[in-house]
Amino acid sequence: FAADLFAQKNNYVIQNKAGIARVSAKPLAHQHVTVRCENRLVTLSFEGTVLKEESIEQSEKESEKKQISDQSVPEKEADIIISPFIQDGKKGSLWLVPRCIVVGVGCRRKKDASLIKQTICERLAQSGIAKEAVCQITSIDRKKDEAGLIETAADFNVEFVTFTEEKLRQVPGNFSSSAFVEKTVGVDNVCERSAMAAAPQGILLARKYAKDGVTVAIAMHTFFPVF
């Protein structure tokens with residue numbers, strides 16, 4: 001099992017490269033490697049095959065029993081943590097960030113890219129999300145030529161995707177509604193709806209955040225790895 005190749009195969013961003021050596025040393029010693037992703041804990045053989053998969057709750061119960069019996073100091077939750085959330089980064093030897101975050105954006109015409117990027121970064125920080133997790137920036141198709149949005153997507157090195165108002169209206173879910181926005185662009189919400197349009201099997205992590213004519217919402221794809 002090679003941690004760096006595992007990250008590359010799944011398009012994960014390595015946040016602490018020093019952790020690669022610590023994790024890679026375990027297979028060399030014929031020791032198992034544990035991986036935490038979403039609500040699952042996976043145990044891999046030193047060859048990289050899956051030996052066990054369990055829920056985090058089940059794993060925590062077993063860990064609590066072990067600590068009570070031997071009074072040991074709690075160990076890290078896993079060798080490898082796969083998560084877009086900054087607070088999870090310290091819970092393992094190696095932190096891998098999945099590119100699973102979609103940022104939906106609405107804005108007034110000719111908004112400067114620096115303000116759009118600042119608003120996105122503020123919302124990511126409020127949500128505790130690493131900016132490296134962003135995989136797409138989305139909006140309504142009438143914004144497809146908006147220079148500030150195009151430049152912002154380029155700064156994040158991600159794709160800028162737009163949707164028609166008809167497609168946005170069809171997105172299921174409960175969204176922050178604005179009569180003014182609906183009158184202006186034909187749909188009651190741009191940022192939340194466009195984020196979920198790009199992540200139809202995902203979840204809406206952060207609802208509309210508005211600042212100086214820019215609105216931002218965050219959706220998350222599922223990101224369980226291929227072993």
Side-chain angles (χ1 to χ4, degrees), residues 1-67 70 72-103 120-121 124-137 153-159 198-199 201-203 205-206 218-227:
F1 177 78
D4 53 344
L5 296 180
F6 170 73
Q8 184 180 20
K9 180 169 69 173
N10 287 281
N11 196 28
Y12 295 154
V13 180
I14 300 171
Q15 287 294 83
N16 56 328
K17 292 187 177 180
I20 294 176
R22 292 194 293 271
V23 172
S24 297
K26 297 192 73 174
L28 292 175
H30 287 204
Q31 295 177 347
H32 298 163
V33 174
T34 53
V35 182
R36 176 187 166 178
C37 184
E38 296 182 320
N39 66 336
R40 309 295 294 173
L41 184 69
V42 178
T43 302
L44 303 176
S45 72
F46 66 89
E47 296 173 326
T49 57
V50 176
L51 297 177
K52 183 171 66 172
E53 182 178 332
E54 58 190 334
S55 69
I56 293 297
E57 288 183 0
Q58 180 182 351
S59 174
E60 287 176 346
K61 287 179 181 178
E62 291 180 2
S63 178
E64 286 172 3
K65 290 179 181 177
K66 180 177 183 295
Q67 289 171 28
D70 64 12
S72 62
V73 177
E75 298 177 350
K76 288 184 179 295
E77 292 188 7
D79 297 309
I80 299 175
I81 299 292
I82 304 171
S83 174
F85 298 106
I86 296 170
Q87 66 178 6
D88 289 337
K90 297 180 180 179
K91 296 178 180 179
S93 297
L94 177 63
W95 178 26
L96 303 179
V97 174
R99 298 181 186 275
C100 62
I101 296 298
V102 177
V103 179
I120 291 173
C121 288
L124 290 172
Q126 290 168 1
S127 305
I129 297 170
K131 64 181 184 298
E132 291 84 359
V134 177
C135 65
Q136 283 182 329
I137 291 176
D155 285 346
F156 276 92
N157 194 29
V158 299
E159 185 181 16
Q201 305 302 318
I203 61 172
L205 276 182
I218 298 171
M220 182 175 70
H221 291 285
T222 57
F223 52 88
F224 202 78
V226 175
F227 291 101

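Using a 4.5 Å cut-off on side-chain heavy atoms (C-beta onward), Leu94 and Ile20 make contact. Under the 4.5 Å side-chain criterion, counting only non-hydrogen atoms from C-beta, Phe224 is not in contact with Pro98. Between Cys37 and Val42, every side-chain heavy-atom pair lies at or beyond the 4.5 Å cut-off. The shortest side-chain heavy-atom distance between Val50 and Thr43 does not fall under the 4.5 Å cut-off. Side chains of Leu96 and Val13 form no contact here, defined as non-hydrogen atoms less than 4.5 Å apart. In this structure, the side chains of Asn11 and Phe223 stay at 4.5 Å or more apart for every pair of heavy atoms.
Rounding to the nearest 0.5 angstrom, the gap separating the OG1 atom in Thr49 from the CG atom in Leu51 is 5.0 Å. A distance of 13.5 Å separates NZ of Lys90 from CD1 of Ile81, quoted to the nearest 0.5 Å. Atom NZ in Lys52 sits 10.0 Å away from atom OG1 in Thr34 (nearest 0.5 Å). In this structure, the separation between CD on Glu38 and OG on Ser55 is 13.5 Å, given to the nearest 0.5 Å.
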- [ ] Give the intermediate values and the outcome of side-chain contact (heavy atoms from CB on, under 4.5 Å) for residues Val35 and Leu44.
- [x] CA-CA 8 Å; Val35 182; Leu44 303 176; 3.9 Å; yes

Could you walk me through whether Tyr12 and Ile82 pass the side-chain contact (heavy atoms from CB on, under 4.5 Å) test, one step at a time? CA-CA 8 Å; Tyr12 295 154; Ile82 304 171; 3.6 Å; yes

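Within a 6.0 Å radius of CD in Gln8, no more than 12 heavy atoms belonging to other residues, nucleotides or ligands are found.
Here Glu159 pairs with Gln136 under the side-chain hydrogen bond (donor to acceptor under 3.5 Å, both in side chains) rule; sequence neighbours left out. Remark: Cys135 engages Arg99, Val102, His221 in a side chain to side chain contact (heavy atoms under 4.5 Å, CB included) (not counting sequence neighbours). For Ala153, the side chain to side chain contact (heavy atoms under 4.5 Å, CB included) criterion is met by Ile137, Val158, Phe160, not counting sequence neighbours. The side-chain hydrogen bond (donor to acceptor under 3.5 Å, both in side chains) test applied to Thr222 returns no partner, not counting sequence neighbours. For Phe1, the ring pair (Phe, Tyr, Trp, His ring centres under 6.0 Å) partners are Phe6, not counting sequence neighbours. With sequence neighbours left out, the side chain to side chain contact (heavy atoms under 4.5 Å, CB included) criterion links Leu205 to Phe85, Ile101, Ile129, Ile203, Ile218, Met220. Applying the side-chain hydrogen bond (donor to acceptor under 3.5 Å, both in side chains) test to Asp88 and every residue at least two apart in sequence or in another chain returns Ser83, Lys91.
Residue pairs meeting the salt bridge (charged side-chain N to carboxylate O under 4.0 Å, His left out) criterion with at least one partner in residues 14-29, sequence neighbours excluded, are Lys26-Asp79. A salt bridge (charged side-chain N to carboxylate O under 4.0 Å, His left out) check over residues 1-14, counting only residues at least two apart or in different chains, returns nothing. Identified under the ring pair (Phe, Tyr, Trp, His ring centres under 6.0 Å) test for residues 20-45, with sequence neighbours left out: His30-Phe46.
When all heavy atoms of Pro84 and Ala133 are compared, the pair lying nearest together is CB-CB, 3.7 Å. Nearest approach of Val97 to Glu132, heavy atoms of both residues: CG1-C, 4.0 Å.
Using a distance-only test at 3.5 Å, with no hydrogens or angles considered, a donor-acceptor pair links the side chain of Asn16 to the main chain of Trp95.
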